[in-house]
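Excluded from the calculations below are hydrogen atoms, water molecules and symmetry mates; all remaining heavy atoms, backbone and side chain alike, are included.
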Amino acid sequence: MANAVTGAPLRGGATRELAIRAAGVSLTEYFVTDRAKWLWRFRLDQMAADPGRARWMARQAVVGDRSLVLGHAGFHGPPDGVGMVEIGYAIAPEFRRRGYARSTVAELLRRAATEPAVTTVRATIAPDNVASLATISGFGFVEVGEQWDEEDGREIVFEVPARPAPPA
């Protein structure tokens with residue numbers, strides 16, 4: 001994962017070519033869709049309001065061996081009062097079903113495990129998002145409830161400890 005993409009899709013009119021120049025890596029059209037631009041604006045506003053959040057946010061990108069950004073990943077913010085962080089990730093449609101999302105989740109879990117303040121990792125997924133449900137399977141996530149997200153609607157809430165429990 002690399003950190004090169006923060007804000008780049010919004011600079012200079014948000015065309016793919018201008019975003020590529022700003023980011024310094026190759027981006028797919030996925031990074032200049034309305035949904036992607038909404039996310040970048042949302043995260044940049046959060047970081048502007050609290051710069052300490054920046055290292056946790058969706059500033060990281062999954063980069064393939066050709067320096068092509070295949071997607072983005074990060075946490076929704078720093079750990080909350082009980083040490084929970086929520087992961088977020090997306091892979092450009094033309095690169096899905098190749099294991100990139102699973103690799104991204106593995107990297108996010110690895111990163112969370114290295115942060116002493118993090119005790120729990122959360123993933124929230126729409127019940128009809130079969131691909132994301134399959135992506136988190138095998139990582140130990142347990143369904144703990146559901147919530148309503150104003151942007152995404154109904155979501156199932158999954159959590160996993162940030163670090164495995166020591167053997168008994």
Side-chain angles (χ1 to χ4, degrees), residues 1-11 14 16 19-20 22-47 50-80 83-115 117-126 129-141 149 151-152 155-163:
M1 298 217 298
N3 296 329
V5 183
T6 301
L10 297 179
R11 295 186 189 123
R16 181 174 169 254
I20 287 170
V25 293
S26 295
L27 302 171
T28 68
E29 288 293 330
Y30 180 69
F31 284 93
V32 292
T33 63
D34 288 341
R35 174 73 176 162
K37 288 188 275 187
W38 173 87
L39 175 64
W40 294 119
R41 283 187 192 101
F42 180 72
R43 293 295 182 217
L44 287 170
D45 288 347
Q46 287 180 311
M47 287 184 261
D50 181 0
R53 297 174 65 104
R55 74 183 194 99
W56 294 95
M57 306 297 275
R59 64 182 177 83
Q60 297 181 336
V62 178
V63 180
D65 50 341
R66 297 176 296 162
S67 295
L68 176 66
V69 178
L70 307 173
H72 55 85
F75 301 94
H76 289 224
D80 67 11
M84 188 276 298
V85 292
E86 184 174 343
I87 61 173
Y89 57 92
I91 303 299
E94 64 267 34
F95 294 100
R96 292 179 184 161
R97 301 190 55 79
R98 298 186 193 178
Y100 293 118
R102 287 190 66 74
S103 294
T104 299
V105 170
E107 178 61 20
L108 289 168
L109 291 171
R110 185 206 60 75
R111 163 107 189 280
T114 68
E115 295 284 345
V118 177
T119 58
T120 304
V121 178
R122 175 177 284 180
T124 59
I125 302 171
N129 188 340
V130 176
S132 279
L133 293 169
T135 296
I136 69 163
S137 70
F139 286 107
F141 281 92
D149 182 89
E151 185 68 28
D152 298 322
E155 297 176 325
I156 302 171
V157 179
F158 298 90
E159 292 181 350
V160 65
R163 288 167 287 289

Hey, does F158 have a side-chain heavy atom less than 4.5 Å from the side chain of I87?
no
Close side-chain approach of F139 and V105, heavy atoms under 4.5 Å
yes
[X] (side chain) donor-acceptor with [Y] (main chain) under 3.5 angstrom:
| X | Y | value |
| --- | --- | --- |
| R122 | V157 | no |
| R111 | G74 | no |
| R163 | A113 | yes |

Test of understanding: with side chain to side chain donor-acceptor pair (under 3.5 Å), list the residues that count as partners of E86, not counting sequence neighbours.
T124
Side chain to side chain donor-acceptor pair (under 3.5 Å) with D80: which residues, sequence neighbours excluded?
none
Of all residues at least two apart in sequence or in a different chain, which pass the salt bridge (charged side-chain N to carboxylate O under 4.0 Å, His left out) check with [X]?
| X | answer |
| --- | --- |
| E155 | none |
| R102 | none |
| R97 | none |

For L109 and F141, what are the C-alpha separation, side-chain angles and deciding distance, and is it a side-chain contact (heavy atoms from CB on, under 4.5 Å)?
CA-CA 11 Å; L109 291 171; F141 281 92; 4.1 Å; yes
[X] versus [Y], closest heavy-atom pair with distance:
| X | Y | result |
| --- | --- | --- |
| V85 | A112 | CG2-CB, 4.5 Å |
| A123 | I136 | CB-CG2, 4.5 Å |
| A73 | T104 | CB-CG2, 3.2 Å |
| L108 | F75 | O-CZ, 3.5 Å |

Starting at OH of Y100, measure out to CG of L70 and round the result to the nearest 0.5 Å.
5.0 Å
Please list, chain by chain and in numerical order, all residues satisfying side-chain contact (heavy atoms from CB on, under 4.5 Å) with S132, sequence neighbours excluded.
Y89, I125, N129
